Protein chains: 2
Amino acid sequence: MARLPVYLRALHVLADRGIVTVSSEELAAAAGVNSAKLRKDLSHLGSYGTRGVGYEVQYLVYQISRELGLTQDWSVAIIGLGNLGRALAGYGGFASRGFRMAAMLDADPAIVGERINGLTVEHIDKLERVITDCGISIAVLAVPAPAAQPVCDRVVACGVTSILNFAPVVLTVPDRVDVRKVDLSIELQILAFHEQRKAGGPAGVEQEYLEAVDGP
Amino acid sequence: MARLPVYLRALHVLADRGIVTVSSEELAAAAGVNSAKLRKDLSHLGSYGTRGVGYEVQYLVYQISRELGLTQDWSVAIIGLGNLGRALAGYGGFASRGFRMAAMLDADPAIVGERINGLTVEHIDKLERVITDCGISIAVLAVPAPAAQPVCDRVVACGVTSILNFAPVVLTVPDRVDVRKVDLSIELQILAFHEQRKAGGPAGVEQEYLEAVDGP
DNA sequence: TCGACTTTGTGCGTGCGTTCACAAGGGCTT
DNA sequence: AAGCCCTTGTGAACGCACGCACAAAGTCGA
Ligand SMILES: NC(=O)c1ccc[n+]([C@@H]2O[C@H](COP(=O)([O-])OP(=O)(O)OC[C@H]3O[C@@H](n4cnc5c(N)ncnc54)[C@H](O)[C@@H]3O)[C@@H](O)[C@H]2O)c1
Ligand SMILES: NC(=O)c1ccc[n+]([C@@H]2O[C@H](COP(=O)([O-])OP(=O)(O)OC[C@H]3O[C@@H](n4cnc5c(N)ncnc54)[C@H](O)[C@@H]3O)[C@@H](O)[C@H]2O)c1
């Protein structure tokens with residue numbers, strides 16, 4: 001379930017405030033979902049609340065963390081230390097959630113050897129060895145679009161089965177491999193779509209096209 | 001439909017290769033979706049293909065661009081020029097899709113006044129004026145979590161109705177406002193979840209918890 | 001100890017998105 | 001000009017996820 005991380009975050013906030021128990025209604029509001037959905041999600045993973053009281057925050061944090069596999073640390077490799085890769089590498093919010101930045105790789109000789117956040121950038125040629133040695137289980141691709149598929153293939157060949165892809169391409173991978181794609185251009189385009197709807201929607205279909213192609 | 005941008009990207013690739021027409025089957029493969037779904041999506045927005053041939057690439061590009069509102073330029077403000085904000089500001093992939101970085105805002109005096117990608121970072125105090133003057137219609141929030149809701153409120157008060165949020169918080173906004181959230185920690189957590197499943201799933205439920213809390 | 005109140009867990013109806021499968025329609029070849 | 005073949009557009013079934021609403025269950029006060 002993709003909502004568990006959201007619940008977990010909300011629970012951490014509550015825990016930090018010293019709150020011991022929480023009702024499904026309160027937690028659902030904090031997570032921005034329906035309370036019935038929340039209860040169904042929680043019951044689905046076998047956690048029990050107490051009727052008349054609610055859920056014990058600490059217990060739920062542990063249950064969800066375990067379900068998500070956050071009771072262990074995961075080693076992550078960042079491939080491509082350009083604009084985006086550096087931002088990710090310098091972000092502290094990952095380490096605090098059990099994700100350890102274990103390796104950084106790039107093809108640019110000017111970047112290889114650089115130290116970022118206490119880690120030395122390795123050359124992409126060493127990919128296979130680095131991934132094996134560091135016990136990488138998740139790869140983050142922040143390389144240009146044309147490089148994404150080739151790099152992805154190499155990563156998969158090393159046995160990595162989880163990939164977070166920032167390049168604007170559809171990656172082809174074997175079934176056993178999970179790919180999640182973050183495409184910021186698409187997010188903006190979806191916003192633009194709705195924005196346009198609010199403003200009255202598109203008009204002058206055929207006319208506009210002919211003018212654009214042939215001139216007025 | 002959230003898939004239109006994906007189709008559009010695939011079409012641009014085809015157009016660059018000089019391809020004139022494309023069948024739903026081919027385009028669907030390139031976009032990573034089912035061909036029936038693709039045809040339904042396209043028919044849904046009124047575009048017509050030619051039976052026995054397929055769709056004209058250029059025509060489809062124009063149709064989808066128009067539907068998404070990409071025939072006009074949108075002015076975007078980036079708020080928070082830290083790690084992530086800078087990466088976004090320096091990214092060329094937005095401008096080429098009709099999104100103009102029109103304003104940058106930050107609260108840190110050390111950052112205000114800096115020039116990034118040809119634009120001067122303004123102080124967040126000037127938010128209201130900048131948004132109005134630059135005709136901002138989309139705001140990108142790349143500020144720390146605690147600052148997100150207050151900044152969001154101010155942006156919404158200026159009349160902005162589209163927000164892209166990178167802060168790990170659930171934003172509360174009026175109904176007319178669209179918020180899209182990009183949460184990279186959640187993406188990693190979802191990958192970890194599946195990774196754990198592949199490795200055999202969680203085991204030793206109650207036992208583990210009691211040990212973690214009470215000691216062995 | 002008992003009753004009233006609170007909150008969980010879930011059965012069920014509903015609505016949406018996906019997918020199969022096919023008929024209608026247009027091009028291309030002969 | 002006519003038939004063959006390819007591809008679109010869509011009807012209909014399927015499945016899933018959401019959310020309402022309620023009974024079971026446990027707590028807290030008297
Ligand atoms: N920066 C953004 O805000 C942003 C937004 C949306 C999408 N993206 C996408 O994210 C990806 C990275 O963006 P960026 O702005 O960081 O680009 P960038 O050009 O700044 O960085 C890319 C890095 O990848 C390295 N690289 C190139 N080929 C490589 C290879 N074969 N193996 C290893 N490393 C290689 C380059 O040396 C460079 O350091 C791109 O696909 C881009 O489209 C970025
Ligand atoms: N960097 C990443 O890879 C990454 C990954 C996931 C999530 N995020 C989230 O994105 C957001 C930004 O991350 P970051 O790494 O760039 O953080 P950062 O601390 O590097 O940058 C935040 C910027 O926001 C500015 N700021 C603070 N308060 C402000 C206010 N009230 N108004 C305007 N500007 C203000 C700061 O001066 C700073 O420049 C955070 O919420 C973070 O949790 C970042």
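From a predicted model like this one, the values you see are computed outputs, not experimental measurements. Naming convention: chains lettered A, B, ... in sequence-line order (proteins, then strands); numbering from 1 in each chain.
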Atom-to-atom span, CG of A:Leu38 to C1' of C:dT8 - whole angstrom
11 Å

So, is B:Asn34 near the phosphate of C:dG17, with a side-chain N or O under 4.0 Å from OP1 or OP2?
no

Rounded distance (Å) that lies between atom P of C:dT6 and atom CD of A:Glu25:
13 Å

Compare side-chain N and O positions of A:Ser24 against OP1 and OP2 of C:dT8 and report whether any pair is under 4.0 Å apart.
yes

In whole Å, I'd like the distance from the CZ atom of B:Arg39 to the P atom of C:dG25.
16 Å

Nearest-Å distance, NE2 (A:His44) to P (C:dT8)?
18 Å

For the side chain of B:Lys40 and the base of D:dT10, is some donor closer than 3.5 Å to an acceptor across the two?
no

Between B:Thr161 and B:Arg176, do the side chains contain a donor N or O and an acceptor N or O under 3.5 Å apart?
no

With no hydrogens and no angle check, is any side-chain donor or acceptor of B:Gln149 less than 3.5 Å from a backbone partner on B:Thr172?
yes

Decide, yes or no, whether a salt bridge links A:Arg197 with B:Glu67 under the criterion of side-chain N to carboxylate O below 4.0 Å.
yes

Donor-acceptor pair between A:Glu195 and B:Ser162 side chains, under 3.5 angstrom:
yes

Below the 4.0 Å mark, does D:dG19 have OP1 or OP2 next to a side-chain nitrogen or oxygen of A:Lys37?
yes

If you compare every side-chain N and O of B:Arg3 against the phosphate oxygens of C:dT18 (OP1, OP2), does one of them come in below 4.0 Å?
yes

Between C:dT10 and A:Ser43, is there an OP1 or OP2 to side-chain N/O distance shorter than 4.0 Å?
yes

With a 3.5 Å cut-off and no angle check, do the side chains of B:Tyr59 and B:Gln63 form a donor-acceptor pair?
yes

Regarding the side chain of A:Tyr48, the nearest nucleotide among D:dT27, C:dC20, C:dG9 is C:dG9

Just the rounded figure in Å: distance from P of D:dC18 to CG of A:Leu42.
14 Å

In terms of side-chain heavy atoms of B:Ala36, which of D:dC20, C:dA21, C:dT8 is nearest?
C:dA21

Spacing of B:Glu56 atom CD relative to D:dT8 atom P, expressed in whole Å:
14 Å

Figure out the CG/C1' separation between B:Asp41 and C:dG17, and round it to whole Å.
10 Å

Starting the side chain at C-beta, find the nucleotide from D:dA21, C:dG9, C:dT18 nearest to A:Arg51.
C:dG9

Reckon A:Tyr55 has a side-chain N or O less than 4.0 Å from the OP1 or OP2 of C:dG9?
yes

